[in-house]
There are 2 protein chains.
Amino acid sequence: MSAVDLTTHPGHLARRLQQAHHLLWTTMVSEEITSPQFGVLNALTAEPGLDQRTVGERVGLDRSTIAEVVSRLSRRGLLDKVRDPGDGRRFLLRLTDEGARTHRKLTVRTARMNQVFLAPLSAEEQALFLALIRRVSDAAEGLRAPEEPASTGPS
Amino acid sequence: MSAVDLTTHPGHLARRLQQAHHLLWTTMVSEEITSPQFGVLNALTAEPGLDQRTVGERVGLDRSTIAEVVSRLSRRGLLDKVRDPGDGRRFLLRLTDEGARTHRKLTVRTARMNQVFLAPLSAEEQALFLALIRRVSDAAEGLRAPEEPASTGPS
DNA sequence: ACACAATAGTCAGTGCACTGAGTAACTCGG
DNA sequence: CCGAGTTACTCAGTGCACTGACTATTGTGT
């Protein structure tokens, strides 16, 4: 006994929400390009020539995951990856023409998909919904780095 | 140009939310047992002897994923898996003593973790937050099965 | 009883996500 | 200039998640 109601657990609901989103994405946007991959295309549309780590930061992918996503996109010819001549550690990423075209095409579809996804909510609820998720995520993200502020303390 | 603001995309935010949750879970609840695994323990606490497919349904895991999760839990001795004598296709699942103990222990910690996770929101906002996620997920889930009602139409 | 459909589960393949260990390249203090 | 630390990336290992193909069992209709 003493089982818990999972529908009051934000983690469980977050997982279900992502599953629901994945379902809509594959049917309404693309079966080839995933949502994180679109995020990378989008980041490189905004800032071409970004290095791999920074792209990961923009999209919310850690160093290992961004490497895999980038290698898939590059294998499909959607982006180019070249060593930074000024810093031999970095890889600079840039969309190919086809990458840019793919991004344009998917942008339209994602907009439609987001509308359908959020359709059960009123306009105010939609804004509130997004704001609440952002606040919770940002707060938890903040717990990761202990912040060590430029100490005004002793020594 | 014409890049999009990902912070207005519910899919992106859902993914970030789950990452944030994962971070808190591993630090505050357990590094061994994952959130989906806890879901399975919880379902079997509520309804011991459930078959594998139904457990997956309760927790929101498809047939392939529930198989993997169950095999991990069974390998660690947290549950037993036996053929249903009445239906040779089914496996019936039941927690071991250690499985039940683990569930009890983690229940306390998940409650604490959920508090921390939702701490940035007021009590009303928390309730609203959970309700909104549920509504969006349920609605998208409903789009999966086309519903084909017991047709009153022509033969 | 026998063929056909439906159901429970497995398996292979792909993709996201995190950790920890390792490598190459840069930076900074002496 | 040179050694120590930092940074960007890779690689191996684990785990969740979905699809599509396959097997075994059960259930149904005639």
Fill in the blank from the handout: Rounded to whole Å, NE2 of H22(B) lies from P of dT14(D) at a distance of 15 Å

Exercise for the section: Return no unless some side-chain N or O of K81(A) is found under 4.0 Å from OP1 or OP2 of dA8(D). Expected result: no

Handout entry: Sugar-phosphate, base or nothing in reach of T65(A), heavy atoms under 4.0 Å
Key = base

Exercise for the section: Quick one: sort the F38(B) and H103(B) rings into parallel, tilted or perpendicular, breaks at 30° and 60°. Expected result: parallel

Fill in the blank from the handout: Whole-Å distance, R89(A) CZ to dG5(D) P, equals 16 Å

Handout entry: Minimal non-hydrogen separation, T102(B) against L41(B), with atom names
Key = CG2-CD1, 4.1 Å

Exercise for the section: Enumerate the residues from residues 49-63 of chain B whose closest heavy atom to DNA chain D is under 4.0 Å, giving them by residue number; use none for an empty result. Expected result: L61(B), D62(B), R63(B)

Exercise for the section: Check the distance between dT14(D)'s C1' and I33(B)'s CD1 and give it to me in whole angstrom. Expected result: 14 Å

Handout entry: R90(A) CZ - dT6(D) P separation (whole Å)
Key = 17 Å

Exercise for the section: Starting from C1' on dC18(D), measure out to CZ on R15(A) and report it in whole angstrom. Expected result: 13 Å

Exercise for the section: Round to a whole Å and report the spacing from CD of E31(A) to C1' of dT19(D). Expected result: 10 Å

Completion exercise
Rounded to whole Å, the CD-C1' distance (E68(A) to dA12(D)) equals 11 Å

Problem - Note, R53(B) side chain near I66(B) side chain (heavy atom, < 4.5 Å) - result: no

Practice task
Answer whether the closest heavy-atom distance between the side chains of L118(A) and P10(B) falls below 4.5 Å.
Solution key: yes

Handout entry: Pair R135(B)-E125(A), salt bridge (charged side-chain N to carboxylate O under 4.0 Å, His left out): steps then yes or no
Key = CA-CA 11 Å; R135(B) 276 170 60 196; E125(A) 285 173 329; 3.1 Å; yes

Exercise for the section: Calculate the interatomic distance between Q18(A) atom CD and dG15(C) atom P; express it in whole Å. Expected result: 17 Å

Practice task
Would you please confirm or rule out a distance under 4.0 Å between OP1 or OP2 of dC26(C) and any side-chain N or O of R83(A)?
Solution key: no

Completion exercise
Contacts of T26(A) and G86(B) projected onto DNA chain D by closest heavy atom; the upstream (5') one is T26(A)

Fill in the blank from the handout: Per nearest nucleotide of DNA chain C, the residue lying toward the 5' end, Q37(A) or D87(B), is D87(B)

Handout entry: side-chain hydrogen bond (donor to acceptor under 3.5 Å, both in side chains) contacts in which one or both residues fall within residues 89-100 of chain A, not counting sequence neighbours
Key = D87(A)-R89(A), D87(A)-R90(A)

Problem - Check: S64(A) side chain, dC11(D) base, donor-acceptor under 3.5 Å - result: yes

Problem - Residue mapping more 5' on DNA chain C - nearest nucleotide basis, P85(A) or F91(B) - result: F91(B)

Fill in the blank from the handout: dist H21(A):NE2 -> T26(A):OG1 (nearest 0.5 Å) comes out at 9.5 Å

